[in-house]
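Structure, as structure tokens:
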2 protein chains.
Amino acid sequence: MSIRLVIADDQALVRGALAALLGLEPDIEVVAELGDGTGVADAVVEFSADVAMLDVEMPGLDGISAAAAVRKAAPSCRVLMVTTFGRPGYLKRAMQAGASGFVVKDTPARQLAEAVRRVHRGLRVVDPALAAESLTSGDSPLTEREAQVLRAASDGGTVADIAKAAMLSEGTVRNYLSAAMAKTGGRTRAEAVRLAEDNGWLL
Amino acid sequence: MSIRLVIADDQALVRGALAALLGLEPDIEVVAELGDGTGVADAVVEFSADVAMLDVEMPGLDGISAAAAVRKAAPSCRVLMVTTFGRPGYLKRAMQAGASGFVVKDTPARQLAEAVRRVHRGLRVVDPALAAESLTSGDSPLTEREAQVLRAASDGGTVADIAKAAMLSEGTVRNYLSAAMAKTGGRTRAEAVRLAEDNGWLL
DNA sequence: CATCCTGGATGACAAATGTCATGAGCGCCT
DNA sequence: AGGCGCTCATGACATTTGTCATCCAGGATG
């Protein structure tokens with residue numbers, strides 16, 4: 001009885017390659033490949049998948065939200081997150097969303113099939129280095145608004161732009177930016193954005 | 001007589017998966033896998049490879065420089081660039097560095113093996129959409145110094161930080177930033193950085 | 001030699017940004 | 001009820017940015 005696997009990753013080449021790699025395993029069967037997060041839960045139900053392998057960064061519905069959707073729609077299906085960036089915050093959020101495993105894209109390929117099997121067996125799979133880092137770099141200190149303002153600031157617009165996007169007064173935006181800079185330790189707006197992104201605090 | 005292929009990509013999972021995918025093809029043989037650009041030229045010579053598949057974004061030596069190194073060390077070996085980001089500037093630079101093909105990571109997986117074969121046959125392979133975009137968005141308008149200052153600015157430091165990194169006076173840095181903003185069309189420093197990055201003007 | 005051009009620097013000025021204190025409204029917790 | 005934290009807002013202020021004119025040293029070029 002082989003493991004029925006659904007794969008979601010926005011890069012077609014990577015997605016296809018992962019499918020090919022895992023399809024070689026005798027005990028794994030890739031039953032669906034998706035390019036974004038929106039259809040994952042449906043696909044899991046439709047193909048009665050055992051494991052869903054999700055990328056965190058995806059257009060449309062992001063991987064963490066997709067993980068939550070899968071857990072809700074099919075509680076028996078385990079979720080394994082695969083991501084490019086080892087952002088500490090991602091790990092924690094993914095776990096809270098019900099994921100069973102979390103691996104970074106630069107772990108050896110051999111371990112991937114094994115990770116799928118462990119997750120399927122009900123075990124948890126976490127990159128040890130990342131787990132340690134995740135513990136030291138606690139939860140996001142940012143409030144929802146602060147994160148939202150930082151996101152709006154991340155493409156380099158002026159305070160006026162951000163204010164318009166967030167429907168706030170300019171003064172308020174500067175206050176939130178100031179608070180965010182204090183909490184992240186950044187000395188400029190741009191640095192704060194970078195630090196928050198690196199920690200996975202912007203979702 | 002199968003095609004001897006070298007693969008370089010910094011994400012181990014992707015690298016392994018690509019190797020597995022292409023290794024399935026009867027006429028392709030993966031003879032080496034590298035995690036960065038530094039050893040690529042040597043590997044190509046050592047294994048007398050026919051085609052080198054290189055990621056643009058890599059630690060150490062970047063893919064474009066690696067491509068040039070390969071062409072120099074083994075002119076008979078063709079280079080196929082594979083990248084996550086479809087930056088117009090990357091394409092042009094890669095071609096100038098002697099690459100024969102350029103594909104984005106979200107092209108269908110089926111086409112990859114075909115791209116390798118075409119490149120091996122001496123043909124050029126270029127994503128048509130990207131080629132068009134590349135033509136419209138001419139060369140980088142930035143001078144070397146402007147690009148350097150933008151790079152130094154890209155992690156969000158203050159003018160003082162940039163000045164120290166670039167060994168320039170603060171006033172000069174602001175002049176270059178101002179010029180770069182005018183040329184990129186950005187209205188803030190951060191926006192200029194983003195625009196230049198999106199166009200592949202920062203290497 | 002005179003001249004032009006380029007990279008780098010300076011100084012001044014207006015606008016944008018970062019900081020702080022302050023206040024009001026709201027929900028949540030004890 | 002009272003206190004606490006988050007949200008949103010003002011206003012004032014010191015810095016930092018972005019803009020511009022200008023200047024200077026040194027190649028290149030005539």
Side-chain angles (χ1 to χ4, degrees), chain A residues 64-65 89 92-93 96-97 137-203, chain B residues 89 138-199 201-203:
Chain A
I64 305 224
S65 308
K92 184 164 302 188
R93 305 270 295 282
Q96 283 165 354
S137 90
D139 271 334
S140 170
L142 300 173
T143 158
E144 178 50 34
R145 273 287 191 258
E146 286 158 358
Q148 177 190 350
V149 169
L150 273 191
R151 267 191 296 275
S154 67
D155 50 4
T158 68
V159 170
D161 296 338
I162 303 171
K164 205 174 305 174
M167 306 247 297
L168 290 173
S169 119
E170 299 195 11
T172 306
V173 167
R174 288 195 283 164
N175 285 340
Y176 282 133
L177 284 176
S178 192
M181 286 161 58
K183 289 180 181 176
T184 56
R187 286 168 312 150
T188 69
R189 179 190 317 194
E191 200 172 12
V193 168
R194 201 175 55 74
L195 290 168
E197 266 178 356
D198 286 353
N199 280 312
W201 290 340
L202 297 189
L203 154 55
Chain B
D139 273 334
S140 169
L142 301 172
T143 95
E144 179 47 38
R145 274 286 194 246
E146 286 158 1
Q148 177 190 352
V149 168
L150 274 192
R151 267 192 295 276
S154 67
D155 51 2
T158 67
V159 171
D161 296 336
I162 303 170
K164 205 173 306 172
M167 307 247 296
L168 290 173
S169 118
E170 301 196 9
T172 306
V173 167
R174 289 195 284 164
N175 286 339
Y176 281 130
L177 284 175
S178 191
M181 285 161 58
K183 288 180 181 177
T184 56
R187 287 168 312 151
T188 69
R189 178 190 316 195
E191 201 172 12
V193 168
R194 200 175 55 74
L195 290 168
E197 268 178 355
D198 286 352
N199 280 313
W201 291 339
L202 298 189
L203 158 63

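In what follows, chains are A, B, ... by sequence order, proteins preceding strands, each numbered from 1.
Counting all heavy atoms, side chain and backbone alike, B:A152 lies closest to B:A165 at CB-CB, 4.5 Å.
A side-chain donor-acceptor contact under 3.5 Å links A:S154 to the backbone of A:R151.
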Between the protein and nucleotides 9-13 of chain D, are there any N/O to N/O pairs under 3.5 Å, and if so, what are the atom names and distances?
residue: D:dA9; atom: OP2; partner: A:S169; partner atom: N; Å: 2.7
residue: D:dA9; atom: OP2; partner: A:T172; partner atom: OG1; Å: 3.3
residue: D:dA9; atom: N6; partner: A:N175; partner atom: ND2; Å: 3.3
residue: D:dT10; atom: O4; partner: A:N175; partner atom: ND2; Å: 2.9

Atom pairs, N/O to N/O, protein against nucleotides 3-6 of chain D, distance under 3.5 Å?
residue: D:dC6; atom: O3'; partner: A:T143; partner atom: OG1; Å: 3.4

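Taken to the nearest 0.5 Å, the CE atom of A:M181 stands 10.5 Å off from the CG atom of A:L195. Note that CG of B:N199 and OG1 of B:T184 are 9.0 Å apart. Values are rounded to the nearest 0.5 Å. The distance from atom CD1 of A:I64 to atom NZ of A:K92, rounded to the nearest 0.5 Å, is 12.5 Å.
Summarising the geometry, the separation between CZ on B:R187 and P on C:dA14 is reported as 22 Å, rounded to the nearest angstrom. Put simply, CE on A:M181 is 11 Å from C1' on D:dT16, counting in whole angstrom units. Per the geometry, CZ belonging to B:R189 stands 6 Å off C1' belonging to D:dT17, to the nearest Å. Atom CD of A:E191 and atom C1' of C:dG18 are 14 Å apart (whole Å). The CD-P distance, from B:Q148 to C:dG7, rounds to 13 Å in whole Å.
For the pair B:R189/B:I162, a side-chain contact is recorded, criterion being any heavy-atom separation below 4.5 Å from C-beta on. Side-chain contact between B:L168 and B:Y176 is present, with at least one heavy-atom pair separated by less than 4.5 Å. Residues A:T188 and B:D161 have side chains not in contact (no heavy-atom distance under 4.5 Å, counting atoms from C-beta outward).
Pairs passing the salt bridge (Lys or Arg N to Asp or Glu O under 4.0 Å) check and including a residue from residues 191-200 of chain A, sequence neighbours excluded, read A:R187-A:E191, A:R194-A:D198. The salt bridge (Lys or Arg N to Asp or Glu O under 4.0 Å) contacts involving residues 175-186 of chain A comprise A:E146-A:K183, where partners must be two or more places apart or lie in separate chains.
The side chain to side chain donor-acceptor pair (under 3.5 Å) test applied to A:S169 returns A:T172, not counting sequence neighbours.
For the segment residues 152-162 of chain A, the set of residues with a heavy atom within less than 4.0 Å of an atom of DNA chain C comprises A:T158, A:V159, in numerical order.
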